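Notes to accompany the following structure.
This structure is a prediction, so every number in the text was calculated from the model and none was measured. Heavy-atom basis, side chains included; hydrogens, waters and symmetry copies ignored.
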Amino acid sequence: MAPRLSPRNARRYLFLCTLCLSCTLLCYNLILRGGHPNMHSQGYPQHLSCPPILGGKKLLQKVLLCPVLTFSNTDLSPYTDWSGKNQTEAPEILGVPANPTEHQGHPSGNSTAAPRYGHKRLPQAIIVGVKKGGTRAVLEFIRVHPEVRAMGTEPHFFDRNYELGLDWYRNLMPRSLDHQITVEKTPSYFVTREAPRRISHMSPRVKLIVVVRNPVTRAISDYTQTLSKKPDIPSFSELAFLNRTSGEVDTSWNAIRIGLYALHLQPWLNHFPISQMHFVSGERLITDPAGEMARVQDFLGLKRLVTEKHFYFNKTKGFPCLKKPGGGGAPRCLGKSKGRAHVQINTEDIEQLREFYRPHNIKFYETVGQDFHWE
């Protein structure tokens with residue numbers, strides 16, 4: 001017959017058994033981190049699921065069973081292709097595996113597919129202009145960076161939807177971690193007089209990116225895009241000139257007016273210092289995308305991770321495309337509307353427009369302290 005245990009020894013054995021059970025459950029959660037159907041139904045990523053606690057709840061209620069998720073700088077946001085459809089290829093473009101916490105089927109709305117971590121925040125940087133200057137390319141190039149989260153489409157909050165409020169605007173943004181920058185792009189902001197004041201009211205410290213291009217080339221590109229949608233519009237010359245003989249330009253035509261960069265810049269300088277604005281050359285974005293994006297990354301306070309190894313020049317489109325650093329896979333290029341051939345414009349009309357824009361360009365150069373060599 002086994003000897004009886006004293007109450008004191010019995011409590012010790014009970015304590016040791018309880019401790020062993022606790023350690024076993026803890027090891028089970030830390031080592032065997034396989035998925036459980038109940039966890040997936042609650043939205044947990046499959047490879048990060050923690051098995052449910054089946055017992056010992058009171059014993060382990062102060063023990064961290066699921067380790068806190070941390071993400072290194074190589075955890076990238078999912079890649080949105082040029083047409084705005086959600087992809088997961090951007091991480092591979094930088095040479096690292098796609099972020100495993102992203103799931104297909106998440107509601108993406110107007111933004112990159114939201115991961116199940118981080119918070120939706122108001123943007124710390126906005127690409128405010130200009131239309132047909134290269135804003136889409138800048139957005140897609142910079143969103144490859146692991147510390148950038150960007151919307152795939154244009155929210156038009158500060159020009160068309162301002163009455164919906166900042167909460168509505170914030171909800172459009174992709175989720176981001178504390179070390180990441182949220183970016184959005186709406187080129188029409190630059191020519192909207194109310195936009196500078198409204199953006200400053202949201203955040204006086206927000207960083208502004210303006211992509212500019214030779215205003216003559218920009219106007220022709222703008223017209224080419226409109227013509228592709230409305231083939232019956234008047235000719236470029238009819239729209240650009242009030243009097244073709246005298247060369248009087250019609251500045252009420254939006255395609256012409258957008259190119260008056262110095263004029264549109266003034267309201268912005270009433271609310272933001274010039275040091276808080278960065279001007280990207282649309283021409284150099286084509287000939288030297290790595291150089292232009294290096295300056296953008298510096299402006300945003302980011303490490304230069306998007307470099308020349310990420311670009312491939314497509315001779316057919318006449319525009320750079322993104323590629324994976326290792327050389328695997330096909331390059332990803334802008335959509336069909338990017339890099340298309342422009343409508344042929346009379347040489348005399350082009351010269352008259354160059355003369356018209358010359359003083360405006362010079363004033364713009366002097367204001368921003370940068371010569372874009374459009375003359």
E366/K363 ion pair, N-O < 4.0 Å: no
SB check R295 D298 (cutoff 4.0 Å): no
F157/Y189 aromatic ring centres below 6.0 Å: no
cation_pi(R198, F158) dist<6.0 Å, angle<=45: no
Modelled atom types, side-chain donor and acceptor of S176 and H119, under 3.5 Å: no
Check: F236 ring centre within less than 6.0 Å of W253 ring centre: yes
Stacked cation flag K207 on F299, 6.0 angstrom / 45 deg: yes
Qualifying residue for side chain to side chain contact (heavy atoms under 4.5 Å, CB included) with V211, from L139, V128, T135, V296: T135
Gap separating the NE2 atom of H264 from the CZ atom of R257, nearest 0.5 angstrom: 5.5 Å
Hydrophobic cluster membership, V191 vs Y357, 4.5 Å side-chain cutoff: no
Connected via hydrophobic side-chain network under 4.5 Å: L208 and M173: yes
Atom pair OG1/CG of T251 and L260 - distance to nearest 0.5 Å: 7.0 Å
Backbone N/O of Q352 and side chain of E355: donor-acceptor pair under 3.5 Å: no
Gap between atom CZ of R136 and atom OG1 of T153 - 0.5 Å precision: 7.5 Å
Centroid-centroid under 6.0 Å between F313 and F319 rings: no
Geometric class of the F141/F311 ring pair [parallel <30°, tilted 30-60°, perpendicular >60°]: perpendicular
Salt bridge flag under 4.0 Å for residues R354 and E375: no
